[in-house]
Structures are given as C-alpha cells and as structure tokens.
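Everything below concerns the one structure shown next.
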Amino acid sequence: MRLVDVPVAAGKDPRARIYIVDRLAPGTVIHRRVEVSNTTRAAAHVALYAAAAGITDGSFLGAAGHTPNALSTWTSVVPGNSDVAAGRKAMIAVTIAVPRDATRGEQYAVVWAEVRSTPGASGGVTEVSRVGVRVYLYVGSGGAPASAFTIDSLTARRSAAGQPSVLATVHNTGGRALDMSGTLRLSAGPGGLRAGPFPANLGTTLAIGDTQSVTIVLDKQLPDGPWDARITLHSGLLERSARATITFPVAGSSRPVRAVTDHSGSRSLWLVLAVVGVIISWAAALWFLLVKRSRRRSAPVPDEARRVLSRL
C-alpha cells in the first residue's frame, strides 16, 4: 500500500508522505487516496477497511481483525473490496469524517488491505495477510499541540558475540506521538578514530509522555573507546541532537551516561543569520551613500551661483 495524497502544508514532512498524519476540528472531513499494488503472479481479492490501533511499549500496533475504535468508525474506505489482477494496482478512497461531538486528543487507526487464502475442500487453516497505512489524527479546534522530545542518556552495550550497540533513552515531552529515526557518529576514539554514521533501528514509536530506547547497532570491530558520541534523532521535521562520552564494555551494558543537548547546529544557523544581517546592513549603508551623492550631483544650481559661473 502507498499513500498518494499529501497535504500541501505537510509536503516536506517525511511522516506525512507515508502515513495519514493530520489535525482536524470536530465536524471536519478529509479525503485521501491510497494505492494498493498486487506484486504477486496471481489475481488477489483484497478486503479494504479501517480498524483500531494503539501504541504499546514503543511500537505502533494494529488491533486484531476488524476491532473498532472511535477513529476507525469515522473512517470509510471505498471500495470495501477489490479484485486486483497480477502485477496491477487499484486506487482506493479514504474519507475521515470527525463528528461535531468528538473528544479532543490524538487517536490512531490503520487502513488495511487484507488477503485470505482459500482452504481446501477438506478444510484446513486459512492464512490471512494484511498491509496497512497508519493514521495519526489529532482532534481539536485551533492549532495542534507541539511535538517535542529529549534525549536523556546513552548506554553502550556489547553482546556476548561481541556486537556493540548504543541505546538512546528518549522522552516524548510534546503533545503528539513520534516515530523515531536518526544516526549516531563517533569521534575522538582511540588513536583519534572516527566512525559512522550508524543508522538507528526503525520502528520505535513514542506515545505522548512515553520514554523508550532507540537502538543503534554498530560495527563489530569497533574498539571499546572512550568515544565522543553524537546522536541526532528525527520525527518528521522535528530534530534533536545530543552528546555523551561512552565506553563499550567487554560484554553486557555500561552505566547510562547523561546526554547533553548539542546546539552546534543551532549555533551555526545563528552565525549564518548574523553574517547575512551584517552584509545586508553594509549593503543598505552603501546604497544610502550612493543615493545621497546622486542627489547632491543632480541638485539645481542656485541663480547667484549661475551668474558667477557665467562670468568665468
């Protein structure tokens, strides 16, 4: 499945490109299109519907079967069934109509495409496969609450097989759920070594107010350290960076090291803005002097001065 429509206001948000992420006031209706692709060699009868979802232990989980919640009952999927030929695609329309008496807050659902196997004449097991598009919907008038998070600590680990990893403890301090991604870079290691960037394992979703660990798996040949670790995490357009000095144990986990928020990116931005401001100020001053000089040259000559000049 692939989300086709992205709101113009959220066009640069990577989350809004793959999930339905929106804010709606009570009584509002939105429409989205979703594409379903049959990548198999046989035609497929696909059931299309919305069902409940939630966030548990850092994972966004769809409920079993057609379990409903408030958001799924507001969501209609047309058509409800589609026969998609092998290698072909089908377009479905998703409509979310929020009732006027809807409760304020963020809700979650999934728009599912489901395929079932046909059991033999003697019975047997029916296999159910489904893929879906997540829905994150905040209900409320006015602006949606801001998204925010902190990176509290970094923990260095090494498995019994020698595989190093870093756990970043992240706290969702905002008013929306977060889907975490990002990278870790290591510098100032033994002999001045540098390593990375190493990508964070995807799939960590933080509920509002939740604290979870984001895992970054590193190269097995990495020395113990110490290392200057810099982690940068994203959720949509929101970004935070933090630093800590870590050392990998021979096996097991080290003590969590408090992460210090890294504002180097912000300082660089302010420096660029300051330089641009100085250049604009110089340009404005130069323009003022040129205009002033031009006006002096083009000023009319007084009559007395003309008479003096005519005698020369």
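Nothing fancy with the numbering, it's 1 onward along the sequence.
Under the 4.5 Å side-chain heavy-atom criterion for ILVMFWY residues, no single connected hydrophobic cluster contains both Val217 and Trp227. Val36 and Val6 fall into different hydrophobic clusters, where Ile, Leu, Val, Met, Phe, Trp and Tyr are joined by side-chain heavy atoms under 4.5 Å apart, directly or via other members. Note: the hydrophobic cluster containing Tyr138 does not contain Trp74 (ILVMFWY, side chain heavy atoms under 4.5 Å, direct or indirect links). Tracing side-chain contacts under 4.5 Å through hydrophobic residues (I, L, V, M, F, W, Y), one never reaches Met91 starting from Val46; they form parts of separate clusters. Taking hydrophobic clusters as Ile, Leu, Val, Met, Phe, Trp and Tyr residues chained together by side-chain heavy-atom distances below 4.5 Å, Ile208 does not share a cluster with Val170.
Counting all heavy atoms, side chain and backbone alike, Ala156 lies closest to Thr247 at CB-O, 3.5 Å. Here the closest non-hydrogen pair linking Leu3 and Ala16 is CD2-O, 3.5 Å. Scanning all heavy atoms of the two residues, the minimum distance from Ser72 to Pro68 falls at OG-CA, 3.3 Å. Summarising the geometry of Ser117 relative to Val125, their closest heavy-atom pair is OG-O, 4.1 Å, with the distance given to 0.1 Å. Between Thr183 and Pro197, the shortest heavy-atom distance links the atoms CB-CB, 4.0 Å. Between Pro226 and Pro190 the shortest heavy-atom distance is O-CD, 3.9 Å.
Here the side chains of Thr211 and Thr169 are in contact, with some heavy-atom distance below 4.5 Å. Residues Ser59 and Thr56 form no side-chain contact, since every pair of their non-hydrogen atoms from C-beta on lies 4.5 Å or further apart. For the pair Thr245 and Val257, the minimum side-chain heavy-atom distance is 4.5 Å or more. Contact check for Phe60 versus Val110: side-chain heavy atoms found under the 4.5 Å cut-off. Side-chain contact between Leu178 and Ser147 is present, with at least one heavy-atom pair separated by less than 4.5 Å.
With sequence neighbours left out, the salt bridge (charged side-chain N to carboxylate O under 4.0 Å, His left out) criterion links Arg240 to no other residue. In terms of the salt bridge (charged side-chain N to carboxylate O under 4.0 Å, His left out) criterion, Asp83 has no residue partners (sequence neighbours excluded). Scanning for side-chain hydrogen bond (donor to acceptor under 3.5 Å, both in side chains) contacts around Thr40 gives Asn38, with sequence neighbours left out. Shown here are the side-chain hydrogen bond (donor to acceptor under 3.5 Å, both in side chains) partners of Asp152, two or more places apart in sequence or in another chain: Thr150. With sequence neighbours excluded, the residues satisfying salt bridge (charged side-chain N to carboxylate O under 4.0 Å, His left out) with Lys89 are Glu35. Listed by chain and residue number, Arg15, Arg134, Tyr136, Thr205 satisfy the side-chain hydrogen bond (donor to acceptor under 3.5 Å, both in side chains) test with Asp179 (two or more places apart in sequence, or in another chain). In this structure Arg130 satisfies the side-chain hydrogen bond (donor to acceptor under 3.5 Å, both in side chains) test together with Tyr49, sequence neighbours excluded. Take Val133 and apply the side chain to side chain contact (heavy atoms under 4.5 Å, CB included) test, not counting sequence neighbours, and it matches Met1, Ile20, Val34. Remark: Arg88 pairs with no residue by the salt bridge (charged side-chain N to carboxylate O under 4.0 Å, His left out) rule, at least two apart or across chains.
The only member of Val260, Thr261, Ile231 that meets side chain to side chain contact (heavy atoms under 4.5 Å, CB included) when paired with Ile151 is Ile231.
Taken to the nearest 0.5 Å, the OH atom of Tyr108 stands 10.5 Å off from the CG atom of Leu71. Leu206 contributes atom CG, which lies 9.0 Å from atom CZ of Phe149 (distance to the nearest 0.5 angstrom). Here the CG-OG1 distance, from Leu202 to Thr215, works out to 11.5 Å after rounding to the nearest 0.5 Å. Here the CG atom belonging to Leu186 is positioned 5.5 Å from the CZ atom belonging to Phe198, to the nearest 0.5 angstrom. Remark: Thr204 OG1 to Ile55 CD1 distance equals 11.5 Å, nearest 0.5 Å. Once rounded to the nearest 0.5 Å, the distance linking CG of Leu233 with CE of Met180 reads 4.5 Å.
Thr232 and Arg230 are linked by a side-chain donor-acceptor pair at a separation below 3.5 angstrom, with hydrogens and angles left out of the test. Thr155 and Ser253 are not linked by any side-chain donor-acceptor pair at a separation below 3.5 angstrom, with hydrogens and angles left out of the test.
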Exercise. Under the side chain to side chain contact (heavy atoms under 4.5 Å, CB included) criterion, do Leu48 and Ser82 qualify, and how do the steps go?
Worked result: CA-CA 8 Å; Leu48 303 157; Ser82 181; 4.1 Å; yes
For this session: Check step by step if side chain to side chain contact (heavy atoms under 4.5 Å, CB included) holds for Val139 and Leu24.
Result: CA-CA 5 Å; Val139 177; Leu24 295 180; 5.6 Å; no
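Pairs passing the salt bridge (charged side-chain N to carboxylate O under 4.0 Å, His left out) check and including a residue from residues 93-111, sequence neighbours excluded, read Glu106-Arg176. Here salt bridge (charged side-chain N to carboxylate O under 4.0 Å, His left out) pairs that include residues 195-221, with residues two or more places apart or in two chains, number zero. Sorted by first and then second residue, the side chain to side chain donor-acceptor pair (under 3.5 Å) pairs involving residues 22-33 (not counting sequence neighbours) are Asp5-Arg33, Asp22-Arg32, His31-Thr95.
Put simply, the side chain of Gln163 gets close to the backbone of Leu218: a donor and an acceptor are under 3.5 Å apart. Checked by atom type and distance alone, the side chain of Asp228 never pairs as donor or acceptor with a backbone atom of Ala188 at under 3.5 Å.
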